[in-house]
Amino acid sequence: RSSSVRRALAGHALEGAIVLAEDDDHDALAHALDAALGLSPVERAALARRGHAALAGSFSEAAFVDALRRALADAARRA
């Protein structure tokens, strides 16, 4: 996969919760869109549930506080 596509995930564990393009060119994006549109209703619903759960965990208040604490600890070590 393209490193730019991987970087776009920003470290969030979204595998299995999104349809990820293999690269950031128009062919790869069209292929990912086609794959997403080709999912059955049951698969789309499951993907949506996993996506919602992943985002709720990654962007929760607890996740923010944890990331902030890690950043502050890292900054303190470097000072």
Side-chain angles (χ1 to χ4, degrees):
R1 286 193 176 131
S2 168
S3 60
S4 63
V5 173
R6 183 66 41 208
R7 278 193 307 271
L9 294 177
H12 296 285
L14 300 178
E15 293 286 341
I18 61 170
V19 175
L20 184 64
E22 292 293 325
D23 207 337
D24 60 359
D25 62 76
H26 66 278
D27 287 332
L29 296 173
H31 179 71
L33 181 57
D34 188 51
L37 293 174
L39 295 173
S40 72
V42 170
E43 292 168 321
R44 284 194 307 272
L47 185 68
R49 281 191 303 277
R50 291 190 304 267
H52 184 269
L55 291 175
S58 291
F59 295 100
S60 67
E61 183 177 335
F64 171 78
V65 170
D66 184 51
L68 181 59
R69 284 186 179 144
R70 285 192 318 260
L72 292 172
D74 185 52
R77 279 192 301 275
R78 293 172 189 243

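The first residue of the sequence shown is numbered 1, and numbering continues consecutively from there. In this text, all values refer to a predicted model and were calculated from it rather than measured experimentally.
For the ring-ring contact (aromatic ring centres under 6.0 Å, His included) condition, no pair includes a residue of residues 31-58, sequence neighbours left out. Applying the salt bridge (charged side-chain N to carboxylate O under 4.0 Å, His left out) test to pairs two or more places apart or on separate chains, none has a residue in residues 42-53.
When hydrophobic side chains of Ile, Leu, Val, Met, Phe, Trp and Tyr are connected at separations under 4.5 Å, Leu37 ends up clustered with Leu33. Within the hydrophobic cluster formed by Ile, Leu, Val, Met, Phe, Trp and Tyr side chains joined at under 4.5 Å, directly or through other members, Leu68 is accompanied by Phe64, Val65, Leu72. In the hydrophobic clustering, where aliphatic and aromatic side chains (Ile, Leu, Val, Met, Phe, Trp, Tyr) are joined below 4.5 Å either directly or transitively, Leu47 groups with Val19, Leu39.
Leu20 has its side chain within reach of Leu9: a pair of non-hydrogen atoms, C-beta onward, lies under 4.5 Å apart.
Scanning for side chain to side chain donor-acceptor pair (under 3.5 Å) contacts around Arg69 gives an empty result, with sequence neighbours left out. For Asp34, there are no side chain to side chain contact (heavy atoms under 4.5 Å, CB included) partners, not counting sequence neighbours. Taking Asp74 as the reference, Arg77, Arg78 meet the salt bridge (charged side-chain N to carboxylate O under 4.0 Å, His left out) condition, with sequence neighbours excluded. By the side chain to side chain donor-acceptor pair (under 3.5 Å) test, Asp66 is found to be paired with Arg70, residues two or more places apart in sequence or in another chain being considered.
Considering all non-hydrogen atoms of both residues, Ala21 and Ala28 come closest at CB-O, 3.9 Å. Nearest heavy-atom pair, Ala63 versus Ser58, reported as atom, atom and distance to 0.1 Å: CB-O, 3.4 Å.
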